[in-house]
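The structure displayed is predicted, hence computed values, not measured ones. Throughout, a chain's letter reflects where its sequence line sits, starting with A, and its residues are numbered from 1.
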Amino acid sequence: MRYLPHTDADRRAMLAAIGAASIDALYRDVPEKARLKAPLDLPAHAGELEVERALGAMAAKNLAAGDAACFIGAGAYRHHVPATVDALIQRGEFLTSYTPYQPEISQGTLQYLYEFQTYVALITGMEIANASMYDGATGTAEAALMARRLTKRSRVVLSGGLHPHYREVTATFLRNLDGNVVALPLDPHGVEDPARHITPDTACIVVQYPDFFGSLRDLTQLASACHAAGVLLVVAVTEAVALGLVRSPGEMGADIVAAEGKSLGNALNFGGPYVGLFATRERFVRQMPGRLAGETVDADGRRGWVLTLATREQHIRREKATSNICTSSGLCALAFTIHMALLGEDGFRRLAELNHAKTVQLADALGRVPGVAVLTKTFFNEITVALPKPAEPIVEALARRGILAGVPVSRFHTDDARLANLLVLAATETNTDDDVARLVTALTELVR
Amino acid sequence: MSELRYTNEHEWIRIDGDTAVIGISDYAQEQLGDVVFVELPEIGKKVEKGKEAAVVESVKAASEVYAPVSGEVVAVNDALTKDPALVNRSPTGDGWFLKLRLKDQGELAGLMDEAAYRKFVKGLK
Amino acid sequence: MNEALDSPLLFEQGVAGRSGVDLPEPPRVADRLGGLRRNRPIGLPGLSEPQVVRHFTRLSQKNYGIDTGMYPLGSCTMKHNPRLNEMLARLPGFADIHPLQPVSTVPGAMELIGTLMRWIRTLTGMPSVAMSLAAGAHGELAGLMTIRAALEARGDPRKKVLVPESAHGTNPATAAMCGYEVEAVPANARGRVDLAALKAALNGEVAAFMLTNPNTCGLFEDEILEQAEALHRAGAFFYCDGANFNAIAGRVRPGDLGIDCMHLNLHKTFSTPHGGGGPGSGPVVLSQPLAAFAPLPYVIDGPDGFRLVEHAKDAPGARPFGRMKGFHGQMGMFVRALAYMMSHGGDGMRQASADAVLNANYVLARLKDVLSLPFDGPCMHEVLFDDRFLKDTGVTALDFCKALIDEGFHPPTMYFPLVVHGALLVEPTESETKEALDAFIDAVHRLAARAKTGDAAYFHGAPRFAPRRRLDETLAARKPVLRWRPAEAQAAAE
């Protein structure tokens with residue numbers, strides 16, 4: 001078997017050195033009745049060609065977004081990833097290394113994590129960032145937990161513009177702890193006033209920027225209202241590319257930013273693996289979850305990096321840890337870092353401009369379709385439209401024509417009839433004029 | 001009483017009237033290694049004998065510092081925030097952690113004196 | 001020593017106006033940003049593509065990986081990461097599909113996930129598996145939450161969770177996140193959980209026992225059936241941390257041990273790459289009493305094929321406790337794991353486990369007279385040594401490991417588990433040849449002998465030949481510097 005190097009001779013020699021009669025003898029501590037005597041009912045081993053065929057056949061049954069006109073966002077945005085990214089992350093020294101517990105032979109990992117932390121702090125406008133979380137949704141949940149620890153309060157308010165998955169995950173993480181989670185009503189028009197919900201026991205308000213429906217709103221006043229009441233403002237960002245064009249959450253007064261970094265360097269991957277970006281104020285560092293790469297010197301005085309402030313983490317603090325997180329999203333963070341390095345200031349901005357321009361074009365084109373109303377007036381690369389009839393069957397029909405026309409809000413909220421006609425669409429630099437034209441033509445026909 | 005008394009969790013306490021000064025022993029700082037951070041309580045906090053009063057962190061470990069007696073926190077050693085290494089250099093002197101206003105002098109009974117503590121530590125090694 | 005491989009930080013190399021991409025000029029549009037256009041630069045460095053390639057290539061050359069050499073990190077299962085799996089995960093039909101496409105457009109994705117679930121259920125002997133968890137710790141949290149939900153449904157949430165004193169730190173951290181208190185159960189002289197102590201600790205307040213099996217000392221918990229029986233009699237659930245599944249995959253099923261709930265680490269047992277710290281994937285297998293409470297979303301295996309359940313009402317009898325992650329799970333890791341399983345087959349996985357255990361016992365046999373062994377063998381897939389062999393040498397376990405770096409090996413796991421002093425946990429995995437093991441064993445012999453001659457200075461100065469000498473972790477913790485800052489900001493801060 002190609003991955004298992006031992007020959008029978010090897011095994012015999014090793015058993016002799018051990019002084020055991022057989023490998024089975026090494027399993028003598030397993031209770032007799034729990035030992036499987038025969039192999040399980042599973043296929044036998046297969047060569048590469050066979051495995052390629054089997055999995056290739058499964059892959060071929062799926063409609064790849066690149067073979068369609070794709071306008072789906074809703075928390076995961078399709079961007080072009082330069083070929084360099086994938087080539088570099090597949091270097092074995094990055095791919096097959098572990099968490100950098102032996103820093104002297106992990107300087108590659110530690111330096112890129114330090115660079116990643118810097119990028120995240122810069123684009124979010126915050127002081128410090130960690131070495132990644134699983135994704136934006138779990139990062140948001142951890143931000144709410146962190147806010148509770150910092151304020152010693154237990155109430156968490158979730159905006160009606162927060163991605164439904166982010167709301168659910170945050171509520172789930174809090175379900176077994178004291179305190180309550182207040183989920184504000186869905187806000188498709190971007191008009192809610194979360195500050196009205198501040199109470200003396202509120203630890204944080206969690207908003208999304210731009211929000212789930214695409215809406216861009218200035219958070220400065222909300223931040224001030226929060227701070228006046230000792231409440232922390234947690235800002236979730238699902239589209240990191242937005243930060244290339246719009247004011248950062250940090251400059252508007254965010255206390256913790258939990259973002260999804262998938263847009264840079266990472267493919268859609270049917271929802272995972274993604275990479276959570278987590279940034280906050282320097283004075284909150286000891287309550288921040290996740291790993292941290294920090295600068296130091298070695299015995300010869302040369303600059304190097306190590307994992308630091310580990311005493312916050314599970315392997316030391318155990319039940320008093322800031323989180324139980326261990327493995328996070330290292331290789332995805334590397335992909336993010338490489339993509340950011342390639343883009344640079346000018347590239348990042350230009351990428352964002354392209355996204356926005358395409359979405360303006362999309363919004364204008366959809367607004368001209370009879371019966372379709374564009375609800376979102378200020379946006380980055382995502383908008384919500386109201387169709388004259390339920391969106392889900394239309395989306396299915398468009399899919400059959402090779403058009404992935406966004407996500408019906410009813411996919412998330414199946415029982416609210418008022419939302420049934422709403423559709424959330426995104427446009428990125430990967431969409432062409434032809435994509436927009438095809439969508440508009442087909443949609444016009446289907447809403448008639 | 002101006003000599004130190006010790007707990008079996010390696011805290012020391014020195015009484016000055018109705019104020020108790022508290023820190024960790026030389027053995028404790030040696031076991032911890034380089035101290036990197038100290039988490040001190042807020043002034044006014046009420047602590048109970050045997051319960052957590054502070055936390056001391058080294059690179060690889062975090063240890064609770066338990067209150068040897070009950071009382072109210074009247075002072076904390078801010079010098080430790082800038083220079084946590086003070087705990088290593090002067091554990092029973094300048095590396096003190098906090099001062100409590102004592103609730104009950106009776107709680108001092110049962111704490112080890114210098115000689116008894118030295119014997120206790122020897123038994124651990 | 002290896003300054004030749006150094007590369008300054010990206011931020012120190014950047015030049016304004018440089019870029020490593022060519023993007024078209026954006027069309028001029030009246031923007032819809034609501035006055036929120038960014039009005040100050042971010043300060044990102046500009047580099048050309050060749051610069052970026054060179055930078056990350058140099059960085060990679062300062063890393064040790066499984067591809068470099070033996071990586072015997074106990075509890076991490078650093079086995080070979082097959083490149084076939086990387087290629088398959090990148091097929092556009094897997095990599096370029098959006099999680100929220102109409103499910104009718106991705107039947108192959110459903111099939112991939114459903115097929116993987118079948119393999120997992122067969123290997124574990126458990127009826128149900130929750131796939132959406134992103135890592136072991138995440139799976140552990142989901143597992144405990146499932147248990148809590150099941151208990152709450154009985155009207156009896158209970159108060160605490162028992163863990164062995166040798167438990168990995170995630171276990172008590174997870175229990176706390178779940179609103180449970182944690183109580184430790186001591187080990188017996190043979191390094192296993194003390195059954196009498198466990199029984200004594202059981203009462204109506206105990207929600208669950210969290211066990212790693214094989215345990216963190218590399219030993220199979222031989223009284224596990226009795227543990228399960230005691231737990232179930234007390235109305236508690238049995239959680240198993242599946243980090244060490246590599247010892248028993250294909251040879252023992254958790255379902256046959258009385259386990260109710262176990263997370264798997266696809267990035268350990270099933271070869272998905274460690275990537276410097278993730279991404280992982282931590283599916284959780286569940287017993288019948290727990291299955292209904294599994295978190296959303298999940299894939300159901302029905303008469304009409306596989307389908308995705310995103311809402312409780314779409315699965316009859318489902319009472320999910322909530323959602324643990326955005327979207328559906330780590331699809332990229334599912335593809336890799338299924339490719340691994342298909343490549344090995346049932347026979348290959350059974351042999352892999354056997355070889356993993358054989359390799360660890362070979363290391364035990366050849367090092368037990370040189371290092372110190374706290375528990376007699378046989379061990380499972382990893383062997384635990386402690387630092388008694390270094391007594392009076394002035395060399396610590398850490399020093400010994402740093403010297404091992406100069407021999408060309410990644411050190412074993414150090415100082416874990418905490419139940420012995422100066423733990424050294426060696427997990428060779430089944431990927432290593434006998435020759436590689438012999439080279440490692442010989443290096444350890446040489447170092448142990450050298451330590452005993454009193455040459456402590458040699459060890460204190462190690463490593464000498466790595467890209468960096470020993471790094472000052474105290475300084476990093478006392479004065480945390482967690483990011484690069486532009487010169488003016490740095491000056492202002494000082």
Side-chain angles (χ1 to χ4, degrees), chain A residues 5 14 18 23 26 29 34 42 44-45 58-59 61-64 72 88 91-93 96-99 104-105 107-109 118 134 137 165 168 172 176 267 269-273 294-296 298-299 304 308 314-315 318-319 321 324 327-331 341-342 344-345 347 353 378 399 407, chain C residues 19-21 26 34 44 46 56 59-60 62-67 91-93 95-96 98-100 102 105-106 108 134-135 137 169 172-174 176 179 220 222 256 274-280 322-323 326-328 330-332 345-346 348 354 362 365 378 433 466 468-469 476 481 483-484:
Chain A
M14 292 167 76
I18 293 167
I23 292 182
L26 300 174
D29 289 327
L42 290 168
H45 67 277
M58 290 186 203
K61 295 178 189 170
N62 301 326
L63 173 64
I72 310 181
L88 288 169
R91 290 184 69 86
E93 301 93 327
T96 72
S97 60
Y98 192 58
T99 303
E104 300 85 359
I105 48 176
Q107 286 299 291
T109 299
T118 305
Y134 308 133
H165 288 177
E168 286 168 46
T172 301
N176 297 130
N269 279 321
F270 200 55
E295 194 179 288
T296 186
D298 78 350
T308 192
Q314 42 74 27
H315 56 292
R318 300 173 71 92
E319 62 267 20
N324 73 349
T327 292
S328 49
S329 210
L331 206 68
L342 289 166
E345 182 87 22
E353 298 263 22
T378 61
V407 187
Chain C
S19 177
V21 298
L44 303 175
F56 287 99
L59 259 52
S60 78
K62 296 202 274 186
N63 262 12
Y64 186 103
I66 300 170
D67 284 1
L91 292 173
D96 195 20
H98 193 290
L100 296 171
T105 64
V106 289
T174 301
F220 193 92
D222 50 354
D256 295 335
H274 292 278
R323 168 184 277 276
F327 309 114
H328 318 315
Q330 308 283 72
M331 180 69 169
Y362 181 68
T433 61
R468 280 296 178 269
R469 303 286 304 278
V481 176
R483 56 167 286 190
W484 170 89

Query raised in the report: Contact part of A/Thr308 toward chain C, heavy-atom cut-off under 4.5 Å: side chain, backbone, both or neither?
Result: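 It is the side chain, since no backbone atom gets that close.
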**Report entry** Contact class of A/Leu88 relative to chain C, heavy atoms under 4.5 angstrom
**Finding:**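 Side chain only.
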Among [options], who wins on heavy-atom pairs under 4.5 Å with chain C?
options	value
A/Gln107, A/Met14, A/Lys61	A/Met14
A/Ala399, A/Gly92, A/Ser329	A/Ser329
A/Thr378, A/Thr296, A/Asn176, A/Leu331	A/Asn176
A/Gly330, A/Ala137, A/Ser97, A/Gly344	A/Ser97
A/Ile23, A/Val407, A/Ile72, A/Thr99	A/Ile72

Among [options], who wins on heavy-atom pairs under 4.5 Å with chain A?
options	answer
C/Ala365, C/Gly345, C/Pro279, C/Gly20	C/Pro279
C/Val481, C/Asp222, C/Asp256	C/Val481
C/Gly280, C/Gly278, C/Ala135, C/Gly348	C/Gly278
C/Gly46, C/Pro102, C/Pro92	C/Pro102
C/Gly179, C/Gly326, C/Gly346, C/Gly34	C/Gly326

Query raised in the report: So, A/Thr172 side chain and C/Gly322 main chain: donor-acceptor pair closer than 3.5 Å or not?
Result: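 Here the side-chain-to-backbone pair does not exist.
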Report task. May I ask you to decide if C/Arg469's main-chain N or O and A/Asp298's side chain share a donor-acceptor pair within less than 3.5 Å? Result ->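 Yes, because the side chain of A/Asp298 sits within donor-acceptor range (under 3.5 Å) of the backbone of C/Arg469.
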Can you give me the closest heavy-atom contact between [X] and [Y], atom names plus distance?
X	Y	answer
A/Glu353	C/Pro26	CB-CG, 3.5 Å
A/Glu345	C/Leu44	OE1-N, 2.6 Å
A/Pro5	C/Thr433	CB-CG2, 3.6 Å
A/Thr109	C/Asn63	OG1-ND2, 2.7 Å
A/Gly108	C/Lys62	N-CB, 4.1 Å

I want to check something: taking the side chain as every heavy atom from C-beta on, are [X] and [Y] in contact at a cut-off of under 4.5 Å?
X	Y	answer
A/His165	C/Arg323	yes
C/Ser19	A/Leu342	no
C/Tyr64	A/Glu93	no

Requested in this report: Name the orientation class of the two ring planes belonging to A/Phe270 and C/His328 (parallel below 30°, tilted from 30 to 60°, perpendicular beyond 60°).
Outcome: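 Rings of A/Phe270 and C/His328: tilted, 30 to 60°.
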Query raised in the report: Going by distance alone, is a donor N or O of one side chain under 3.5 Å from an acceptor N or O of the other, for C/Arg483 and A/Thr118?
Result: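 Side-chain D/A pair, C/Arg483 to A/Thr118: absent.
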Requested in this report: Below 4.5 Å from any heavy atom of chain A, which atoms of C/Leu100 appear? Answer side chain, backbone, both or neither.
Outcome: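 For C/Leu100, heavy atoms of backbone and side chain both lie under 4.5 Å from chain A.
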